[in-house]
Amino acid sequence: MGNVTGIGASILRKEDLRFITGRGNYVADIKLPGMTFAVFVRSPHAHAKLLGIDATAALAMEGVVAVLTGADMKADNVGGIPCGWGITGKDGLPMKEPPHPAMAYEKVRHVGDPVALVIAETVDLARLAADSVVVDYESLPAVVGVLEALRPGAPAVFEDIPDNLCCDWEIGDRAATDKAFAGAAHVAKISLVNNRLVGNPMEPRAAIAQYERATDRTTLWSTSQFPHVVKLLMGNFVLGIPQHKLRVVAPDVGGGFGVKQFHYAEEAVVTWAARRLGVPVKWVSERSEGFVSDAQGRDHVSEAELALDETGKFLGLRVRTLANMGGYLSTFGPNIPTNLYGPLLAGVYTTPAIYCEVKVVFTNTVPVDAYRGAGRPEATFLLERLVDVAASDMGMDRVAIRRHNMIQTSAYPYQTPVMMEYDSGDPSGCLDRALALGDWDGFAARRAESAKRGKYRGIGLATYVEACGLAPSRIAGRLGARGGLYESATVRVHATGDVTVLIGTHCHGQGHETTFAQIVSDKLGIPADKIEVVFGDTDKVQFGMGTYGSRSLSVGGSALAKSVDKVILKGRKIAAHLLEAGEPDIVFEDGKFSVAGTDRSLRFDEICLAAYIPHNYPLEVLEPGLEEQSFYDPINFTFPGGAHVAEVEIDPDTGTVDLLSYVAVDDIGTVINPMIVAGQLHGGITQGAGQALCESAVYDDASGQLLSGSFMDYAMPRADIMPNMKILTHSTRCTHNDLGVKGCGEVGTIGSPATVINAVVDALSPLGITHVDMPAAPNRIWRLIQAAGLPKAAE
Amino acid sequence: MELKLNVNGRNIKADVPTEMLLVELLRERLGLTGTHIGCDTSQCGACVVHVDGVSVKSCTMLAVAAEGTRVVSIEGLSGPGGGNALHPMQVAFHENHGLQCGFCTPGMIMSAIDFAGRHTAPTEAEVRHWLEGNMCRCTGYQNIVASILAGTAAIHAETSTSSMEAA
Ligand code: FES
Ligand code: FES
């Protein structure tokens with residue numbers, strides 16, 4: 001009997017009702033009795049000495065509760081914001097890890113660095129009072145770009161790190177790669193910039209803290225993707241609050257994309273203030289404030305070379321990348337352009353020798369950390385652009401060169417030269433289907449048709465592999481993770497057979513209340529509406545690492561599956577007793593425990609009732625009750641992969657790029673809910689297309705001011721930049737988790753920037769253009785066309 | 001300033017500062033937190049409500065400017081049967097997976113209902129163009145567009161049935 005709410009069913013989402021009726025519960029919606037409102041005073045300078053703060057005028061205003069500064073925090077012995085990863089450089093030396101005070105004192109290091117917190121009875125008053133705080137700065141020369149930051153004599157973001165170099169990191173075999181280049185018939189080269197992005201989940205960040213004197217308990221409500229980790233980091237390293245006295249709640253969270261997976265200074269400052277003042281304190285970020293305080297993404301400058309033999313076989317890949325860290329190390333900061341980047345450079349190809357070095361650099365900009373895809377879109381962009389360049393250099397077909405170098409499906413598990421062992425995949429299967437779905441072969445006619453209308457049409461393709469399901473703790477620990485990366489789930493079966501799942505992942509749009517219920521439904525044979533999924537509250541859920549790195553299903557879902565299996569195991573024991581049979585003879589199928597080969601059986605809910613009302617129960621060998629917990633630590637990463645195809649049309653008069661079609665064929669392992677998967681792909685692809693076509697965080701080089709600091713100047717993708725995307729899955733099972741799942745949260749964002757830009761370059765290739773940096777906005781494209789079209793100046 | 005208006009069918013009298021925004025009145029005074037604030041430059045559309053039947057960004061309107069109007073926020077929607085029944089546009093968002101995190105959703109739905117009132121048989125391009133003032137970071141808009149097309153069709157199917165019934 002098929003289970004209509006089990007694995008593979010496109011059931012509608014259980015969580016929708018509260019959102020479509022306006023009954024969601026986001027942090028900004030929460031009101032507490034006696035609540036006060038906080039506004040941060042932030043640095044208008046990118047780099048300055050902090051000489052003094054005068055809050056006299058603010059404090060004189062009626063209704064202002066307090067003005068607190070970094071010096072007050074220091075006096076209270078508040079620790080700095082910790083970094084969760086300590087990577088190691090070429091020389092075997094640990095990365096430079098300068099202190100990150102929760103509020104700046106002595107020096108500010110980027111525009112938006114918080115210097116004071118103003119707390120008042122209303123938010124308007126707090127804003128007014130914040131405006132009246134006089135901060136005395138001595139401005140210093142600022143450094144914005146990585147190239148500039150590494151130049152001798154550049155301003156030092158930290159005095160004791162005069163070269164601004166956080167870490168000089170490498171992966172791969174340098175000598176083997178040099179040798180491969182020495183024997184190459186051709187070397188293809190590319191220099192590129194991976195533009196900085198602002199993640200901009202639609203819900204701005206927010207934090208509310210409350211201290212209850214009677215119980216000595218502190219509660220923080222935060223827009224977080226990982227409340228348990230915030231509890232651990234903030235409680236233990238920043239504020240010294242014992243873990244059993246601290247509760248962190250992340251209720252409904254309006255999108256995350258990585259931006260909300262860090263322990264932010266504001267969380268600690270607000271919590272510290274609430275404890276110090278004894279009143280609840282609420283802070284809600286404004287959008288423009290988020291632009292200068294949410295960790296940003298990407299920002300690489302890279303050079304890469306691909307060595308090929310005369311047939312177009314890849315012999316070696318050499319990559320040099322400079323990665324911007326901004327003014328402080330954010331929670332995962334140094335991990336992103338290193339461990340989540342270098343090991344992905346093999347892509348789906350058999351390149352035998354790879355060497356990559358990454359200089360991780362401090363600048364006077366907002367800290368950079370993970371943003372959807374995190375390192376892997378950067379690797380994919382670089383590799384897939386370089387492959388196109390190689391094809392064009394050698395006069396080879398873009399598809400043919402990829403096929404010629406692709407890992408054969410039969411070659412899995414496949415060990416790459418950069419650490420990863422891919423467990424499963426079918427890159428050529430994905431490619432074939434993407435080319436068919438995108439009608440690659442029919443493109444010439446469409447190009448000719450566009451040309452008739454005076455437009456340049458281009459088609460692009462990219463393959464990718466992602467390492468996600470973060471992560472095997474043992475490997476992560478070797479790479480510098482300071483925490484474990486397992487997940488935990490509790491399955492609480494009620495006496496009636498209804499189920500509550502308590503899981504350590506979070507959900508901020510991914511539909512986990514539905515997909516996790518489907519896993520339980522599938523295994524227990526009960527409908528999904530009898531299953532409730534609880535997350536986001538450290539008082540309710542045992543522990544967990546949260547949601548990021550496409551880990552929720554592959555790591556959290558695996559923990560959940562383990563717990564359900566334990567429930568079934570215990571159920572079998574109970575059933576064996578009740579049915580007077582041996583345990584090995586009990587089978588569990590379609591929600592019923594039966595004695596094999598007989599018609600004697602008990603329904604799941606009858607077993608549950610027996611577990612809680614143990615009148616007839618094997619009490620000598622079994623405890624009553626039915627609740628099981630599991631912690632699951634994966635043995636490997638999971639490796640989703642796929643092939644995407646996009647088509648664009650460019651208007652040479654305006655430089656406008658019109659994205660006409662987008663096709664994605666992805667191998668994400670077992671699909672739990674196809675409708676939700678398609679939604680994740682749509683969103684991910686659009687974020688990647690946003691990077692490719694319109695988004696960019698632009699700083700003024702001299703002043704360090706963020707020029708694209710609001711939705712007025714930062715071009716978010718709107719509905720009309722996207723075509724109707726076609727999404728297909730072409731899955732191979734993950735071989736090392738029971739569900740066979742790989743993850744789908746980031747794949748769209750990983751594949752799409754390269755795919756779209758490859759199409760843009762293809763459209764412009766008749767003009768001799770071989771690369772276009774992102775975003776391919778009209779201004780850039782129009783200039784490129786003009787420059788290409790103008791006759792070369794006479795020598 | 002003293003202000004009288006009708007919100008979600010209820011007559012409201014409130015004393016508000018002149019600089020108070022309509023969205024603040026709804027969220028802070030009336031506890032209607034379904035209307036969201038996603039930006040400070042009137043771009044995102046998370047705050048869209050209806051004022052006398054027309055979609056308005058409530059972060060861009062002073063509360064006092066709503067004097068004497070009928071304001072409907074996401075909490076005030078209901079289906080043809082009233083009560084707890086969902087509005088056909090809410091149903092369409094649910095059935096077409098037109099939301100993920102739900103933060104943009106109230107504004108999207110309010111905006112979509114206004115759109116539906118102006119178009120009987122819209123094209124996909126018209127929907128995409130209409131959404132210029134509503135941002136969503138999660139869905140890539142595809143299923144929002146599908147929801148609005150389905151919701152618009154449902155609304156018009158309903159009106160034609162009820163006008164047939166009336167006839
Ligand atoms: S809050 Fe963004 S438009 Fe109103
Ligand atoms: S559903 Fe999250 S912003 Fe639209």
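A, B, ... follow the sequence lines: proteins, then strands. Residue 1 opens every chain.
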Atom group of A/Ser710 that falls short of 4.5 Å from chain B, counting heavy atoms = side chain
Might you work through the side chain to side chain contact (heavy atoms under 4.5 Å, CB included) test for B/Glu75 and A/Thr21, ending with a clear yes or no?
-> CA-CA 6 Å; B/Glu75 293 93 341; A/Thr21 55; over 6 Å; no
Bottom line for A/Tyr26: the part with an atom under 4.5 Å from chain B's heavy atoms is side chain
Option that, when pairs with chain A are counted at under 4.5 Å, heavy atom only, ranks first among B/Thr41, B/Leu131, B/Thr105 = B/Thr41
Working to the nearest 0.5 Å, report the span between CZ of B/Phe103 and OG1 of A/Thr223.
-> 10.0 Å
Between B/Arg128 and A/Asn724, is any pair of side-chain heavy atoms under 4.5 Å apart?
-> yes
For A/Met61, does the CE atom have more than 12 heavy-atom neighbours from other residues, nucleotides or ligands under 6.0 Å away?
-> yes
Spacing of B/Ile144 atom CD1 and A/His682 atom NE2 [to the nearest 0.5 Å] = 11.5 Å
For B/Arg137, does its backbone N or O pair with a side-chain atom of A/Gln687 as donor and acceptor, under 3.5 Å?
-> yes
Could you tell me whether B/Asn11 atom CG has more than 12 heavy atoms of other residues or ligands within 6.0 Å of it?
-> yes
For A/Gln510, is it the side chain, the backbone, both or neither that has a heavy atom under 4.5 Å from a heavy atom of chain B?
-> neither
Would you check if B/His97 and A/Arg13 make a side-chain contact, meaning some heavy-atom pair closer than 4.5 Å?
-> yes
Quick one: which of A/His508, A/Arg372, A/Met716, A/Glu15 has the most heavy-atom pairs under 4.5 Å with chain B, could you say?
-> A/Met716
Just by distance, do the side chain of B/Tyr141 and the backbone of A/Gly683 share a donor-acceptor pair under 3.5 Å?
-> no
Name the region of B/Glu28, side chain, backbone, both or neither, that has any atom closer than 4.5 Å to a heavy atom of chain A.
-> both
Side chain B/Gln142, main chain A/Met725, donor-acceptor under 3.5 Å | yes
Evaluate the side-chain proximity of A/Asp29 to B/Arg27: yes if any heavy-atom separation is below 4.5 Å, no if none is.
-> yes
Can you check whether B/Cys39's main-chain N or O pairs, donor with acceptor, with A/Glu286's side chain at less than 3.5 Å?
-> no
Does one side chain, of B/His94 or A/Asp16, offer a donor that lies under 3.5 Å from an acceptor on the other?
-> yes
Under 3.5 Å donor-acceptor, A/Lys31 side chain and B/Gly31 backbone = no
Most heavy-atom pairs under 4.5 angstrom with chain B, which of A/Asp124, A/Asp252, A/Val123, A/Ile676?
-> A/Ile676
Steps toward side chain to side chain contact (heavy atoms under 4.5 Å, CB included) verdict (B/Leu86, A/Leu17) = CA-CA 9 Å; B/Leu86 294 175; A/Leu17 187 64; 4.0 Å; yes
Which answer fits A/Arg718, side chain, backbone, both or neither, if we ask what part of it has an atom under 4.5 Å from a heavy atom of chain B?
-> both
Structural part of A/Ala689 lying under 4.5 Å from a heavy atom of chain B | neither
Could you tell me which of B/Gly140, B/Gly34, B/Cys101 has the largest number of non-hydrogen atom pairs under 4.5 Å with chain A?
-> B/Cys101
Can you say whether A/Val253 sits under 4.5 Å from chain B via the side chain, the backbone, both, or neither, judging by heavy atoms?
-> backbone
Within the side chain of A/Arg287, is there an N or O that forms a donor-acceptor pair under 3.5 Å with the backbone of B/Gly38?
-> yes
Run the numbers on A/Phe711 and B/Ser42 for side chain to side chain contact (heavy atoms under 4.5 Å, CB included), then give the verdict.
-> CA-CA 9 Å; A/Phe711 285 156; B/Ser42 282; over 6 Å; no
Test item: B/Asp40 side-chain N/O and A/Ser288 main-chain N/O as donor-acceptor pair under 3.5 Å | yes
Would you mind reporting whether A/Met202 and B/Cys44 have side-chain heavy atoms less than 4.5 Å apart?
-> yes
Side-chain contact test, heavy atoms from C-beta onward, threshold under 4.5 Å: evaluate it for B/Leu99 versus A/Ile20 and give yes or no.
-> yes
pair A/Phe19-B/Cys104: side-chain heavy atoms closer than 4.5 Å | no
For each of A/Pro717, A/Gly748, A/Cys507, A/Gly684, tally heavy-atom pairs with chain B at distances under 4.5 Å, and name the one with the top tally.
-> A/Pro717
